[in-house]
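Every number for a ligand or one of its atoms is a count from 1 in the order of the listing. Keep in mind that the numbers below use all heavy atoms, side chains included, and drop hydrogens, waters and symmetry copies.
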Amino acid sequence: MTSTMTRRDERLLVGGVWREASNGGRFDVTNPATGEVVGSAPNGTAEDVRAAIDAAAAALPAWRATTALQRARLLRRAAEVIRERVEEIGMIMTLEQGKPLGEARGEVEYAASFLEWFAGEAERTYGEVVPPMNAANRVLTLRQGVGVVAAITPWNFPAAMMTRKLGPAMAAGCTSVVKPASATPLTAAAVLRAIEDAGVPKGVVNLITSRDSGMVSRELFGDRRVRKISFTGSTEVGKDLIRASAHQVKRLSLELGGHAPFVVFDDSDIDEAVDSLIASKFRNAGQTCVCANRAYIQRGIYDAFVAKLGSKVAALAVGNGLTAGIAIGPMIDDRGVEKADEHVQDAVLRGARLVTGGTRLTGDGFDGGSFYAPTVLDGVTDEMLIYREETFGPVAGLTVFDTEEEVVTMANDSIYGLAAYFHTRDYARLLRVAEKLEYGIIGANTGIISAANAPFGGVKESGYGREGGSVGIDEYLDTKYICIGGVGV
Ligand code: NAP
């Protein structure tokens with residue numbers, strides 16, 4: 001499958017120079033659909049991280065002195081260049097991450113949309129003139145970029161999770177050091193090449209790839225010039241970063257794990273709800289933080305729902321994401337497959353019924369890759385692992401419920417609070433339930449909720465801070481208050 005694209009050996013980007021790691025080290029990048037090596041990236045060192053911070057700090061004064069309009073124009077141009085390269089970047093993403101090419105193209109478009117959205121927000125970082133308490137004074141507020149920021153991003157959306165941070169950072173006049181997941185450094189480099197080719201000045205964005213994420217994080221958290229770190233990834237690592245941030249009281253935003261409930265009330269259109277659950281659950285082989293992980297179906301429609309979902313999921317085509325017609329690609333690696341299988345085996349052992357799937361896929365077209373069959377489990381209960389933990393795989397577990405009150409309690413029974421979904425045609429219920437769900441994002445009658453113009457983020461152990469929307473830029477701005485005395489009346 002690599003025949004359609006030559007192998008890519010990427011470099012670090014430090015101060016506008018694409019270069020090797022200081023010790024020449026590299027690591028391989030593999031295709032999760034085949035196990036083949038598709039490229040490599042530099043294994044950045046502590047010296048490289050410091051050089052990237054130096055470059056970001058050196059570029060900061062000139063960048064923050066640009067006007068919002070200049071930054072907005074560059075962001076719009078960068079979005080255009082990313083879109084012009086949708087085929088190239090999409091192909092790189094499918095090769096290193098596995099998602100079907102159509103989904104990869106969609107993510108490239110989604111990644112570009114963050115730069116475009118924050119181009120608009122750059123021009124709206126207004127301060128205020130506040131009526132003074134003392135008549136002789138004048139009171140103003142300014143909103144200024146925080147300075148050098150660092151972005152640590154995951155492999156599941158290797159382009160969009162990066163631009164969701166770089167867009168507002170650049171718009172706010174900040175310079176950045178990016179550390180992508182070591183599974184997907186090639187997409188990150190391709191996106192940064194597009195941003196650079198759009199004319200963004202040297203040093204405004206810098207890229208460090210490394211297998212030693214602990215070392216990168218220590219360097220970033222230990223350097224006083226880095227004023228803010230934005231992280232998207234697991235709750236476990238997020239908690240480590242909260243501890244690390246205490247030392248220098250580093251500003252942090254955290255987009256962490258999720259465990260989304262998906263509720264279907266019996267007044268719903270069953271076919272619509274089935275399609276919506278499939279879109280939410282099986283996109284990216286179930287490897288999204290907003291994937292439904294617990295489906296609650298009201299008793300009156302439970303059997304019909306299970307039957308329709310089971311037959312549609314059994315028909316989903318699994319395979320290499322470069323093959324036309326594939327709905328579900330590989331999981332990122334074998335650890336992902338093992339975790340999904342552990343959740344399925346545990347559920348079956350505790351009494352769940354396997355409706356479809358439930359096995360690792362092997363044989364022709366699957367050997368060498370990390371494939372798991374799209375799976376539906378009926379009769380999931382709160383003693384099962386899948387009910388409590390993020391599966392991060394193509395497994396839908398179904399639970400029956402009777403009343404609205406009961407299901408809201410069950411849906412909120414989680415340490416996570418990122419996304420929740422429900423289907424109903426009763427609009428009074430729609431408002432009541434949306435208000436009661438303890439989640440940062442609610443999908444009502446839809447399984448697809450992500451967009452650049454909406455504030456994305458969670459409550460509880462899903463993190464803090466919001467990305468996207470009109471509030472997304474606030475994470476990269478400090479509010480300064482200026483009190484001018486003796487002006488008189
Ligand atoms: P992860 O293991 O936490 O990794 C995320 C990033 O952190 C990667 O760049 C990783 O680098 C790096 N990292 C790992 N250990 C680190 C450490 N000790 N210090 C600093 N950085 C470290 O998560 P993942 O498996 O890539 O991503 C899946 C998780 O992300 C899921 O829990 C998912 O729900 C969550 N997620 C959340 C959102 C959201 O918006 N809330 C969006 C997408 C994903 P290496 O790859 O090099 O280890």
request  = Can you figure out which of Thr235, Val178, Ile152, Asp333 has its heavy atom closest to atom 12 (C) of ligand 1?
outcome  = Ile152

remark   = Of all protein heavy atoms, the one nearest atom 41 (N) of ligand 1 is Leu256 O, 2.8 Å

key: For Thr232, the ligand 1 atoms whose distance to one of its heavy atoms is below 4.0 Å   = 5 (C), 36 (N), 37 (C), 38 (C), 39 (C), 40 (O), 42 (C), 43 (C), 44 (C)

Modelled atom types, side-chain donor and acceptor of Ser470 and Glu121, under 3.5 Å = no

request  = Considering heavy atoms of the protein only, find what lies nearest to atom 24 (P) of ligand 1 and give residue, atom and distance to 0.1 Å.
outcome  = Trp155 NE1, 3.4 Å

ask   = Hey, do the aromatic rings of Trp117 and Phe456 have their centres closer than 6.0 Å?
value = no

message = Starting from atom 27 (O) of ligand 1, what is the nearest protein heavy atom, named by residue and atom, and what distance separates them?
response = Pro154 CB, 3.6 Å

task = Measure from the side-chain N and O atoms of Thr34 to the backbone N and O of Gly368, and report whether any donor-acceptor pair falls under 3.5 Å.
result = no

ask   = If you measure every N/O of Ser182 against every N/O of ligand 1, is any gap under 3.5 Å?
value = yes

inquiry  = Any nitrogen or oxygen of Gly233, side chain or backbone, less than 3.5 Å from one on ligand 1?
reply    = yes

note = Counting heavy atoms under 4.0 Å, the part of Phe392 that contacts ligand 1 is side chain

message = Within ligand 1, which atoms have a heavy atom of Pro180 less than 4.0 Å away?
response = 9 (O)

message = Could you check whether Thr323 and Asn320, counting side-chain N and O atoms only, form a donor-acceptor pair closer than 3.5 Å?
response = no

message = Between Lys99 and Asn156, do the side chains contain a donor N or O and an acceptor N or O under 3.5 Å apart?
response = no

ask   = With distance as the sole criterion, is a donor-acceptor pair present between the side chains of Asp333 and Ser370 under 3.5 Å?
value = no

request  = Spell out, as yes or no, whether a donor-acceptor pair under 3.5 Å connects the side chain of Asn43 to the backbone of Ser210.
outcome  = no

Check: Asn23/Thr45 side-chain N/O donor and acceptor closer than 3.5 Å = no

message = Under 4.0 Å from a heavy atom of Ala181: which atoms of ligand 1 are those, numbered in the order shown and with their elements?
response = 8 (C), 9 (O), 46 (O)

key: atom 36 (N) of ligand 1 [closest protein heavy-atom partner, distance rounded to 0.1 Å]   = Cys289 CB, 3.5 Å

query = For ligand 1, which part of His259 has a heavy atom less than 4.0 Å away: the side chain, the backbone, both, or neither?
reply = neither

request  = Under 4.0 Å from a heavy atom of Ser217: give me the atoms of ligand 1 that qualify, with their elements.
outcome  = 19 (N), 20 (C)

query = Nearest 0.5 Å, what's the CZ-OG distance between Arg7 and Ser40?
reply = 5.0 Å

request  = Check each of Phe456, Phe221, Phe231 against atom 7 (O) of ligand 1 and report the one with the nearest heavy atom.
outcome  = Phe231

message = For atom 40 (O) of ligand 1, which of the options Arg335, Arg218, Arg164, Met215 provides the nearest non-hydrogen atom?
response = Arg164

key: Working for ring pair (Phe, Tyr, Trp, His ring centres under 6.0 Å), residues Phe371 and Phe366   = CA-CA 7 Å; Phe371 291 96; Phe366 298 123; 5.0 Å; yes

Nearest neighbour in protein (non-hydrogen) for atom 17 (C) of ligand 1 = Val237 CG1, 3.7 Å

task = Return a yes/no value for Ser462: is any of its N or O atoms, backbone included, closer than 3.5 angstrom to an N or O of ligand 1?
result = no

query = Is there a nitrogen or oxygen of Thr153 sitting under 3.5 Å from a nitrogen or oxygen of ligand 1?
reply = yes

message = Among all protein heavy atoms in this structure, tell me which lies nearest to atom 11 (O) of ligand 1, with the distance rounded to 0.1 Å.
response = Lys179 NZ, 2.8 Å

key: Aromatic ring proximity Tyr387/His259, centre distance under 6.0 Å   = no

query = For Ser234, is at least one N or O under 3.5 Å away from an N or O on ligand 1?
reply = yes

query = Can you tell me the protein heavy atom closest to atom 15 (N) of ligand 1 and the distance?
reply = Ser213 OG, 3.4 Å

Geometric N/O contact Asp240 with ligand 1, under 3.5 angstrom = no

key: Pair Thr232, Lys165: side-chain N/O donor-acceptor within cut-off below 3.5 Å   = yes

ask   = Is the Lys NZ or Arg CZ of Lys228 less than 6.0 Å from the centre of Tyr476's six-membered ring, within 45° of the axis?
value = yes

inquiry  = Looking at Val226, is its backbone amide N or carbonyl O close enough to the side chain of Lys250 to form a donor-acceptor pair, meaning the two atoms are under 3.5 Å apart?
reply    = yes

task = For Asn156, take its heavy atoms, then give the atoms of ligand 1 lying under 4.0 Å from any of them.
result = 43 (C), 44 (C)

task = Taking only heavy atoms of Glu390 into account, list the atoms of ligand 1 that are under 4.0 Å away from them.
result = 31 (C), 32 (O), 33 (C), 34 (O)

